[in-house]
Structure formats: structure tokens, C-alpha cells
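Take a look at the structure set out below.
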Amino acid sequence: MFINFMKKSTFVKKTEEFSKHLQSNFVKQLVVFDELDSTNTTAKELAVAGAEEGTIVIARTQTHGRGRFDRVWQSPEGGVYLSLILRPIVPVEKTSLLPFVAALAVSSTLESYGVQATIKWPNDVRVKGKKIAGILLESEARGQTVNYVIIGIGVNLNMDLTVLPLDLQTRSTSLLSEVGTSVDIYEFLKKFFLQSDLFYTLFKEKQYDSLFDQWKTKTDTLGRIIQVQTSSGTVQGTAVDIDTSGFLLLKTKTGEIKKIMSGDCLYFDELHHA
Ligand code: BTN
């Protein structure tokens, strides 16, 4: 038998206490760690072992936080690092809408602090052009059946930006920097779980138009000249719309409309001021 003699950290104790009193339709179980490699990796292991929808893994810090496109997600103290395990009963192609659900939940939560958050396609959450939160979705399906979806979310909450590498410092912000005072993480989590419940319910009820309409009010991508790095090369043009799968429609110089399923989106004006 393995007996863990390690003392629980204050973060673990407080978060477990918070979860005991949390009343949420969305959260079924909060699995708390002081430090993990990556909450997404642990969430994936739990999902493979059968964890139910609504299981959430949270850590105070991560040693190997993962971002999109195999990037590192810096995860110092002060950030929120969590991964949601979902098992939506939908055709597998509908999972491409979940990044929009997550981005809406995060941006609405931030807005409740009086901060105007914008979304860069598909799911970067930014404030005045600086990234405040990132979302990494990983999923597994067998044929048409979704087995699990992991939505990993990192939010720069009470983060001292000077601990980030210099290049990131200029491109990032935190809620602490935006509101000028630190924010109670449990208040934030409560609001975030409520917003997640609202937007995920819209998704489960197939109210896709409503999700897209709300996403469109928050994005600053549409109408902009952008460059997208995709797995098959870089494309440039004006972002004109997203389709019903959340794919980006890009109008190139020749007037051709290209459909981009996934990629790293950069704004032309920001590229040239970098
Ligand atoms: C991105 O913008 O590149 C996505 C960043 C996602 C980071 C979060 S932090 C919690 C979860 N665990 C990870 O390893 N990554 C995600």
C-alpha cells in the first residue's frame, strides 16, 4: 500500500475546501494538485481511466504546461491552470465548436471584472491586444463517437508578469495588471464554472447560432488582415467570417475564399509593430 506522507499545501487544502461547498451543475469533481507536469496530461490519464464528465483537474503550478502548436505554457504561481474533462454526446465534428465555448466562458468571466476581453480566432483571449488566457483542446474519438474531450485553460490571474520570459512579458497581461489589484481565485473559479455551464448548455442544446453570434461580438479577428500559419504553410488575407464548423474564411488578394480549419492566427498590423 502506498501511503502519502506529504503534507497538503495551503493551495490544495483551500481548493479542496472550496470544492466541498461549490454548488455547480457543471463541476462533478475537482481534483487538486499543488504541482503537476500538465493538468491536461493528468486529465487525459483520468479520462482514459473512466473519469466522468465534469471532472476538473487544477494545479497551483505546472512544470511542463503545454500550449498550442507544441509551445510551452509558462505556468508560474498566480495563474489558473485547469483542465475540464467533457464527454459530449455529439457527432465528432462538433467538437471543433468547443474552443469557442471555452473562449466565451473565459472572456465572459473576465468581463465580470470590468475588463474588456477580445477573442482572437479561434480561442486566444486577450485584453488590449495582450494575451491573458489560452485554451488547449485535446480529444479522443472512436469513429463517430467522442470518447473524451480535455479543455485545458490557463489564465494569467494574479500573475507577476516580470517572472515571464522577456518576449512574453510584452505580449501578455494578467487580471492583476488590468484591474490593479489581486483577485480571489475562488471567486474567479465560481464565476468561471457558472459561465462554463451556461455556454456548454448552449452547446449541448445545439444552439450553435447563439454561440457563434456571441463569439462574433467578442472577436477582433473578423474584418482584419491576418496571416495564418497552418500545417500546410502560411496564408494571408482578410478574415471575412467563420463557417458553421468554426473554420475561418479568409479572402486572399486574388479574391479566393480559403477555409482554414486550424492554425496560428497573427494580425498583420501587430506583426509589423512587433
Ligand atoms: C495556448 O494558448 O497555446 C494554449 C495554452 C493552454 C494552457 C493550459 S494551462 C492548463 C492546461 N494544461 C496544459 O498543459 N495546458 C493547458
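Numbering of ligands and ligand atoms starts at 1, following listing order.
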Review point. Which residue holds the protein heavy atom closest to atom 11 (C) of ligand 1, what is that atom called, and what is the gap in Å?
Key: T39 OG1, 3.2 Å
Point to revise | Numbering as shown, the atoms of ligand 1 that approach G65 to under 4.0 Å (heavy-atom distance) | key: 14 (O)
Exercise for review: With the side chain counted from C-beta on, respond yes when W215 and I242 share a heavy-atom pair under 4.5 Å apart, and no when they do not.
Suggested key: yes
Review point. What residue and atom, counting heavy atoms only, is the protein's closest point to atom 5 (C) of ligand 1, and at what distance?
Key: W73 CE3, 3.4 Å
Review point. At a 4.0 Å threshold, what atoms of ligand 1 neighbour a non-hydrogen atom of K131?
Key: 1 (C), 2 (O)
**Study point:** Atoms of ligand 1 close to G67 [distance to a heavy atom under 4.0 angstrom, numbered from 1]
**Key:** 1 (C), 3 (O), 4 (C), 5 (C)
Check your understanding: Is the closest side-chain heavy-atom distance between I119 and T221 below 4.5 Å?
Key -> no
Point to revise | Side-chain ion pair, E140 and K44, N-O less than 4.0 Å | key: no
Exercise for review: Check the side chains of S210 and Q214 for a donor-acceptor pair under 3.5 angstrom, ignoring hydrogens and angles.
Suggested key: yes
Exercise for review: Give the residue, atom name and distance (to 0.1 Å) of the protein heavy atom nearest atom 9 (S) of ligand 1.
Suggested key: Q62 NE2, 3.4 Å
Practice item. Looking only at protein heavy atoms, identify the closest one to atom 3 (O) of ligand 1 and say how far it is in Å. Key: R68 N, 2.6 Å
**Study point:** Atom indices of ligand 1 within 4.0 angstrom of R66 heavy atoms, with elements
**Key:** 5 (C), 6 (C), 7 (C), 13 (C), 14 (O), 15 (N), 16 (C)
Check your understanding: Which residue from A59, G154, A43, S75 reaches closest to atom 8 (C) of ligand 1 through any of its heavy atoms?
Key -> G154
Practice item. State, yes or no, whether a side-chain contact exists between D241 and L222 at a heavy-atom distance under 4.5 Å. Key: yes
**Study point:** Close side-chain approach of E77 to R60, heavy-atom, < 4.5 Å
**Key:** yes
Study note, to complete from the structure: I153 heavy atoms within 4.0 Å reach ligand 1 at atoms 8 (C), 9 (S), 10 (C), 11 (C)
Exercise for review: For the residue pair T173 and E178, confirm or rule out a side-chain donor-acceptor distance under 3.5 Å.
Suggested key: yes
